[in-house]
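Presented below is the structure to which this report refers.
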Amino acid sequence: MDLTKATLILDDGSKFEGYSFGAEKPVTGEVVFNTAMVGYPESLTDPSYAGQLMVFTYPIIGNYGVPKRTLQADGISLFMESEKIHCEAIIISDYSYDYSHWNAENSLAQWLKEENIPGIYGLDTRALTKRLREKGVMVGRIVFGENRDESLPTFDYQNINFVDKVSCKEVTTYNEGAGKKRVVLVDCGVKQNIIRCLIKQDVTVVCVPWDYDFNQLPYDGLFISNGPGDPNICDITVQHIRKALEGDKPICGICMGNQLLAKAGGATIYKLKYGHRSHNQPVRMVGTNQCYITSQNHGYAVDNNTLGSDWEPLFVNMNDGTNEGIRHKTKPFFSSQFHPEAYGGSTDTLFIFERFVRSMDE
């Protein structure tokens, strides 16, 4: 087998050598790491990874192939989180050329090549992850072959509006006429399992673009999705949410939705050193000893010290003490920084959806 050499170059000048198993095109992005042991099809299709080079710390990737691209009757993917791969590239230790799974349609390498996404393996992901933990996330570039351009193009991850790139472009309704309640879902880069979970709660979901003024629509509850990039760029969404806060209809947010709800309530957001991207993050519900194992994918966090007097933390991360959710003290507004839907991950916190739907009846 002829292998093409591939090199990851970080903006601190360090280099990591490996081999290509995907598309062979130079790419630049923010290098982040994910410690989950399973769920690579879900992670690759998660819009929150837009603009990023994803490092998997689990050493063997590709051993169960890629699932069939099956769509439900409403057009929602059954086994993936969107219609395509969103990360710029994936970086792993050991690629499994042989795969086996009852639902596998093809190999991970074939999928990457079909979608023109680079993948490199054979490098020391432990050393790479250690560097990212010590220095924080960095911009990196993947180049191929012997004669290559190793210069690092300008890439300002924090000032690129990735939400606009991945959000839907028009209003789409799911479960029309069948749901007992009507929920407006602000699509900042929504994972499709969020839509699946809401539909399972017997609601009609009206999915709107990130910058759409949803206040003009009739609804029973407002849901704000996850998404990529810096939430501080989404000021227009924050303004729309702030207007909704004047009312009493239930509001729930996930991941970036937590950050945007907090900003609408007056709090500030800051960038984490290397973020939380895994299936095993422990969080505790504030005021209780109840802990949950959660799936997470975020690089920013809410500053608890800036929450207004009407708000309080709802969950806290047991590893580093960062915010994992907020709630309003008197109104039915709450959110989680983690992913309660967690397809391909833990499902301890699916009650978030039940609580949201139940609040529309209270």
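Values in this document were obtained by computation on a predicted structure and should not be read as measured data.
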Checking side chain to side chain contact (heavy atoms under 4.5 Å, CB included) between S225 and each of V190, L260, V163, I254, which is the one that passes?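 The single option meeting the side chain to side chain contact (heavy atoms under 4.5 Å, CB included) with S225 is V190.
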Scanning both residues in full, the closest heavy-atom pair of L245 with G265 reads CD1-N, 4.1 Å
Show the nearest heavy-atom pair for residues Q52 and C87, with the distance to one decimal.
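Result for this residue pair: O-CB, 3.5 Å.
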How many angstroms lie between [atom1] in [X] and [atom2] in [Y], if you round to the nearest 0.5 Å?
X	Y	atom1	atom2	result
L307	N323	CG	CG	6.5 Å
E42	T45	CD	OG1	6.5 Å
N215	K243	CG	NZ	5.0 Å

Does [atom1] belonging to [X] count more than 12 external heavy atoms closer than 6.0 Å?
X	atom1	result
M360	CE	yes
E170	CD	no
K25	NZ	yes
K271	NZ	yes
Y19	OH	no
K273	NZ	yes
D156	CG	yes

Looking at side-chain heavy atoms only, is the closest gap between [X] and [Y] below 4.5 Å?
X	Y	answer
N297	N226	no
C252	I352	yes
V31	M54	no
L108	L44	yes
E30	L53	no
Y292	M285	yes
Y49	R277	yes
K15	T7	yes

* Asked: Which residues satisfy the side chain to side chain contact (heavy atoms under 4.5 Å, CB included) test with H279, sequence neighbours excluded?
  ->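 Residues passing side chain to side chain contact (heavy atoms under 4.5 Å, CB included) with H279: A36, V38, S295.
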The side chain to side chain contact (heavy atoms under 4.5 Å, CB included) partners of R126 (sequence neighbours excluded) come to D124
- Task: Taking the six-membered ring of Y219 (Phe, Tyr or Trp), confirm whether the NZ or CZ of K249 is under 6.0 Å from its centre and within 45° of its axis.
- Result: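 So K249 does make the cation-pi contact.
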R355 to F334 six-membered ring, cation-pi geometry met (6.0 Å, 45°) =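 Yes, R355 and F334 form such a contact.
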- Could you walk me through whether E341 and K191 pass side chain to side chain contact (heavy atoms under 4.5 Å, CB included), step by step? CA-CA 9 Å; E341 81 288 351; K191 291 173 62 180; 3.1 Å; yes
### Query
Yes or no on side chain to side chain contact (heavy atoms under 4.5 Å, CB included) for Y212 and H240, after CA distance, side-chain angles and deciding distance?
CA-CA 8 Å; Y212 186 89; H240 293 155; 5.9 Å; no
* To do: For this output row, return yes or no: ring centroids of F162 and Y157 closer than 6.0 angstrom.
  => yes
Centre-to-centre under 6.0 Å for Y64 and Y40, is that the case here?
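Close enough - the centres of the two rings lie under 6.0 Å apart.
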Single-linkage hydrophobic cluster, 4.5 Å side-chain cutoff, [X] and [Y] together:
X	Y	answer
L10	V32	yes
I194	V171	no
F33	L272	no
I61	L128	yes

Check your understanding: Does any N or O in the side chain of T294 come within less than 3.5 Å of the main-chain N or O of Q281, such that one atom is a donor and the other an acceptor?
Key -> yes
Donor-acceptor contact present, side-chain N317 to main-chain V283, <3.5 Å
no
| Worked verdict on S107 versus Q110 for side-chain hydrogen bond (donor to acceptor under 3.5 Å, both in side chains) | CA-CA 5 Å; S107 70; Q110 289 173 308; 3.2 Å; yes
Exactly one of F223, F333, F351 clears ring pair (Phe, Tyr, Trp, His ring centres under 6.0 Å) with F356, and that residue is F223
Identify whether the distance between the nearest side-chain nitrogen and carboxylate oxygen of D12 and R131 falls below 4.0 Å.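 Yes.
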ask   = Hey, are N280 and S278 close enough side-chain-wise for a donor-acceptor pair under 3.5 Å?
value = yes
Under 3.5 Å, which donor-acceptor pairs link side chains of residues 201-211 to any protein atom two or more places apart or in another chain?
unit_1 : atom_1 : unit_2 : atom_2 : d
T204   : OG1    : N175   : O      : 2.9
T204   : OG1    : G179   : N      : 3.3
W210   : NE1    : D164   : OD1    : 2.9

Exercise. Take N103 and K68, measure what side chain to side chain contact (heavy atoms under 4.5 Å, CB included) needs, and give me the verdict at the end.
Key: CA-CA 6 Å; N103 195 34; K68 299 176 182 177; 3.7 Å; yes
Would N258 and S335 count as a side-chain hydrogen bond (donor to acceptor under 3.5 Å, both in side chains) here? Give the steps.
CA-CA 5 Å; N258 174 59; S335 55; 2.6 Å; yes
